[in-house]
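Notes to accompany the following structure.
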Amino acid sequence: MEKLVDKQKVVQNMMGRIIKNNFFKFIFFLSTLFGLIVLVVLLYRIFTQAIGWLDADFLQNFPSRRPERAGIKAGLVGSLWLMVIVAPVSLILGVGTAIYLEEYAKKNRFTDFIQTNISNLAGVPSIVFGLLGLTIFVRELGLGRSVLAAGLTMSLLVLPVIVVAAQEAIRAVPNQLREASYGMGATKWQTIYRIVLPAAIPGILTGSILALSRAIGETAPLVVLGIPTFIAYLPNGILDTFTVMPMQIYNWTGRPQEEFQHVAAAGIVVLLVVLIFMNSIAVFIRNKFQKRY
Amino acid sequence: MAMTDDHRSYSVREMIKENKKKQGGQQFVEWLMPKLLLLTAIVSILTTLGILFTLLFETFIFFERVSIVEFLTSKEWLPWNEEEGSFGIAPLVTGTLLTTGIAMIVAIPVGLASAIYLSEYASEKSRRIIKPILEVLAGIPTIVYGFFALTFVTPLLQKFIPDLGIFNALSPGIVMGIMIIPMVASLSEDAMSSVPNAIREGALGLGSTKLEVALKVVLPAATSGIAASFMLAISRAVGETMIVAVAGGSSPVFTFDVTQSIQTLTAYIVQVTTGDAGYGTTVYYSIYAVGMTLFVFTLLMNLLAQYISRRFREEY
């Protein structure tokens, strides 16, 4: 019987292509690993540099010209103060905008315009927000280099992220819930306030915490606002000057003495621990409270 | 049962009316809330207007002192010289293009290859492990990357390139590229994952290998999404500040030499605002002109990305 398929020929034809496939699969895999390897190297470098410098004194000391006495207390407390403004302002504005766009807005040009505007704002470099804050909040409104001025600037910076996260969370609430609520005689706002928002809150919180952790790590806008790095007191209110962790790290990184690099590394570890803590809360909320309909 | 007149007066309609009177407060809330929420939505528009107007006004003042022709054509950026200062944006633009170019050389191939691996080769399980780790890379503050570039990558590169300065374009460019990998990878992967499986299976059924499916079928079908991710990556690199401010240096020179100290648009703004350039000086207003250049450039890239992904998207 004549062979319909010449196996040898098939193997001959296919081998090259299969080898090529496996070779590229390996290359693609290595590329994926590359990012992970850099992450490991980066963390390893920073932690080994920070060892010996990161102790209780470091957390309790104010900045100092002498590296062994420098501490991050002012920055750590300052970053918390920043959150006192950024968290409520950006949440109220962001969730408000999302509710308006998802529940009230009619599909028209104005709504489209707001939506496009938000996605464009998300792409504006953070340093440009710094210029906005410097002109409007620091100079025109005369807030100076205060917690309030920096907080408002940062709120506007993270606003688009929170809006988009809240919109997705609200959109994920199924319509049956709304209709059941209307069917029971509830009004629109009652439905939103008592049905939609509680169902959407886990998603909103997860997205918002991630946005807030971005605000904690952000440096560029605060540099432009002129937030000082060398402060030996804690702010007493939202109109006081203050400093934040990234600003102190920036300052230490730029100092010529070798020792300050270790101080900077110790500062980075504290910053990363705060960020990891916030991200874990976000993941916890997502896993614990997220309902699937 | 016969109803008395007294009972008849309690018709449903009247009950509703009476209820409405009681719920006057509720009605007010129903009327008020949409308006309040609209106000919060308008804040985002006001932010855009605020950015536009501050940049425009202050840039206008700058151009009253420095001619726009000099700004666009001069190849010298010497803002600190009171008498013979020169404000030609070109050196800052080349500095920005250099670091952005290097970042793209790193981020685009690696990011795209990661996207192909995650979308076409990886199992569901490994994807669920790798993606969150890559997102961690994107969540690290940029000042940390700046520190990493200055204290690790630059000394490492100096072993291979002895001429490399402490401040240079190469090191922050590479680190910026690494920072942008997750962005390219995840946006490109989204584009590739939205290509329907039927198309893949068709190609596999015709005897293609997975590589051929990825390169000849999925990539062409996802081109618009991938191109959009590149545009967004470029825009991100152009606007990136702290890495270049820490590791790129502050020498605005018109050069394409990646081993020497340069200055980007963003790094210049940082230099002026951390220094003590007095309010009202030409140097002070120059940061708005530089900021305007930055804003226009990133906005164009973002709009282009939106246009590409809308205009050229393949619908299945």
Side-chain angles (χ1 to χ4, degrees), chain A residues 17-18 20-21 24-25 27-29 31-32 34-36 38-39 42 45-46 92-93 96-97 99-101 104 114 117-121 123-128 131-132 135-136 156 159-160 163 187-189 213 217-220 223-224 226 246 249-250 253-254 261 264 268 271-272 275 279, chain B residues 26 29-30 33-34 36-38 40-41 43-45 47-48 50-51 54-55 58 110 113-114 116-118 121 130 133-134 136-137 139 141-144 146-148 150-152 178 181-182 209-212 232 235 239 241-242 246 266 269-270 273-274 287-288 291 294-295 298-299 302 306:
Chain A
R17 290 165 60 204
I18 288 174
K20 206 171 149 193
N21 177 48
F24 272 95
K25 180 181 176 182
I27 297 280
F28 293 150
F29 180 63
S31 304
T32 314
F34 178 70
L36 309 186
V38 172
L39 183 64
L42 186 148
R45 274 283 299 187
I46 284 167
I92 290 171
L93 291 180
T97 306
I99 295 174
Y100 177 78
L101 287 175
Y104 284 105
I114 296 181
N117 178 51
I118 286 169
S119 56
N120 280 332
L121 265 187
V124 173
S126 59
I127 195 163
V128 174
L131 289 174
L132 172 75
T135 323
I136 304 282
L156 296 182
L159 184 61
V163 172
T187 60
K188 183 142 193 165
W189 175 246
S213 67
E218 192 67 65
T219 323
V223 175
V224 176
I249 295 167
Y250 172 53
T253 306
Q261 291 196 359
I268 289 172
L271 177 63
L272 289 180
L275 293 182
N279 278 274
Chain B
Q26 183 61 39
V29 171
E30 289 298 320
M33 284 324 286
L36 277 183
L37 294 171
L38 177 61
T40 63
V43 170
S44 65
I45 296 177
T47 308
T48 309
I51 290 174
T54 44
L55 289 181
E58 312 278 344
V110 179
S114 308
I116 294 176
Y117 182 77
L118 288 172
Y121 288 98
I130 295 171
I133 302 180
L134 277 181
V136 172
L137 206 56
T142 55
I143 180 69
V144 178
F147 176 81
F148 185 65
L150 184 70
T151 64
F152 180 72
I178 293 169
I181 289 173
T209 61
K210 273 198 169 179
L211 178 70
E212 287 157 352
L232 292 176
S235 156
T241 309
M242 292 325 285
V246 167
T266 50
I269 299 177
V270 167
T273 47
T274 45
I287 60 175
Y288 290 94
L294 196 65
F295 178 72
T298 50
L299 186 67
N302 288 331
Q306 283 169 23

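As the structure is a prediction and not an experimental result, all values here were calculated from the model. Here is how names work: the chains are called A, B, and so on, in the same order as the sequence lines, proteins then strands, and each is numbered from 1.
- Contact count versus chain B (heavy atoms, under 4.5 Å) is highest, among V128(A), L272(A), I249(A), T187(A), for T187(A).
- The structure places CG of L42(A) at 4.5 Å from CZ of F148(B), a figure rounded to the nearest 0.5 Å.
- Interface remark: L271(A) contributes side-chain atoms only to the contact with chain B (heavy atom separation under 4.5 Å).
- The contact between F34(A) and chain B is made entirely by side chain atoms (from C-beta outward), counting heavy-atom distances below 4.5 Å.
- Only the side chain of I268(A) has a heavy atom closer than 4.5 Å to any heavy atom of chain B.
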Legend entry - Pair L38(B)-Y104(A), side chain to side chain contact (heavy atoms under 4.5 Å, CB included): steps then yes or no: CA-CA 9 Å; L38(B) 177 61; Y104(A) 284 105; over 6 Å; no

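- Residue L39(A) holds its CG atom at 5.5 Å from CG of L137(B), rounded to the nearest 0.5 Å.
- Heavy atoms closer than 4.5 Å to chain A are found in both the backbone and the side chain of F152(B).
- Ranked by heavy-atom pairs shorter than 4.5 Å toward chain A, the options I133(B), V43(B), I45(B) are led by I45(B).
- In terms of non-hydrogen atom pairs under 4.5 Å with chain B, the most contact-rich of I27(A), L101(A), V223(A) is V223(A).
- Contact annotation for L121(A): only side-chain heavy atoms (C-beta onward) come within less than 4.5 Å of a heavy atom of chain B.
- A distance-only check finds a donor-acceptor pair linking the side chain of T97(A) to the backbone of T40(B) [under 3.5 Å].
- In this structure, the portions of I287(B) lying under 4.5 Å from any heavy atom of chain A include both its backbone and its side chain.
- When every heavy atom of Q306(B) is checked against every heavy atom of S119(A), the shortest pair comes out as NE2-OG, 3.6 Å.
- When only modelled atom types and interatomic distance are considered, Y288(B) and T135(A) share a side-chain donor-acceptor pair under 3.5 Å.
- Between T151(B) and Q261(A), the side chains place no donor N or O within less than 3.5 Å of an acceptor N or O (distance only, hydrogens not considered).
- Among the candidates V38(A), T253(A), T32(A), I92(A), the residue making the largest number of heavy-atom pairs closer than 4.5 Å to chain B is T32(A).
- With hydrogens and angles disregarded, a donor-acceptor distance shorter than 3.5 Å links the side chain of E30(B) to the backbone of W189(A).
- With N120(A) contributing its side chain and N302(B) its backbone, the two residues share no donor-acceptor pair below 3.5 Å.
- To the nearest 0.5 Å, atoms OH (Y117(B)) and CZ (F24(A)) are separated by 16.0 Å.
- Of the possible donor and acceptor atoms, none in the side chain of T47(B) sits under 3.5 Å from a partner among the backbone N and O of L156(A).
- With a 4.5 Å cut-off on non-hydrogen atoms, F29(A) touches chain B through its backbone and its side chain both.
- Looking only at atom types and distance, the side chain of E212(B) has no donor-acceptor partner in the side chain of N21(A) under 3.5 Å away.
- Looking at L93(A), the atoms closer than 4.5 Å to chain B (heavy atoms on both sides) sit in the backbone and in the side chain alike.
- Side-chain contact between V144(B) and I46(A) is present, with heavy atoms from C-beta onward closer than 4.5 Å.
- No side-chain heavy atom of P141(B) sits under 4.5 Å from any side-chain heavy atom of P246(A).
- Interface check for chain A: of the options T48(B), I181(B), L294(B), the most heavy-atom pairs under 4.5 Å are formed by T48(B).
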Legend entry - Stepwise side chain to side chain contact (heavy atoms under 4.5 Å, CB included) check, L36(B) with Y100(A): CA-CA 9 Å; L36(B) 277 183; Y100(A) 177 78; over 6 Å; no

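- Atoms OG1 and NZ, from T209(B) and K25(A) in turn, are 12.0 Å apart once rounded to the nearest 0.5 Å.
- Considering CG of L211(B) and CZ of R17(A), their distance stands at 10.0 Å, rounded to 0.5 Å.
- The part of L275(A) that comes within reach of chain B is its side chain, from C-beta onward, which places non-hydrogen atoms under 4.5 angstrom from that chain.
- With rounding to the nearest 0.5 angstrom, the CD1 atom of I143(B) is 5.0 Å from the OG1 atom of T219(A).
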Inset, instruction - Report the C-alpha separation of S44(B) and I114(A) in whole Å, then their side-chain angles, then the decisive distance to 0.1 Å, and conclude whether the side chain to side chain contact (heavy atoms under 4.5 Å, CB included) test is met. - result: CA-CA 8 Å; S44(B) 65; I114(A) 296 181; 4.1 Å; yes

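- Chain A forms the most heavy-atom pairs under 4.5 Å with one residue out of L150(B), L134(B), I269(B), and that residue is I269(B).
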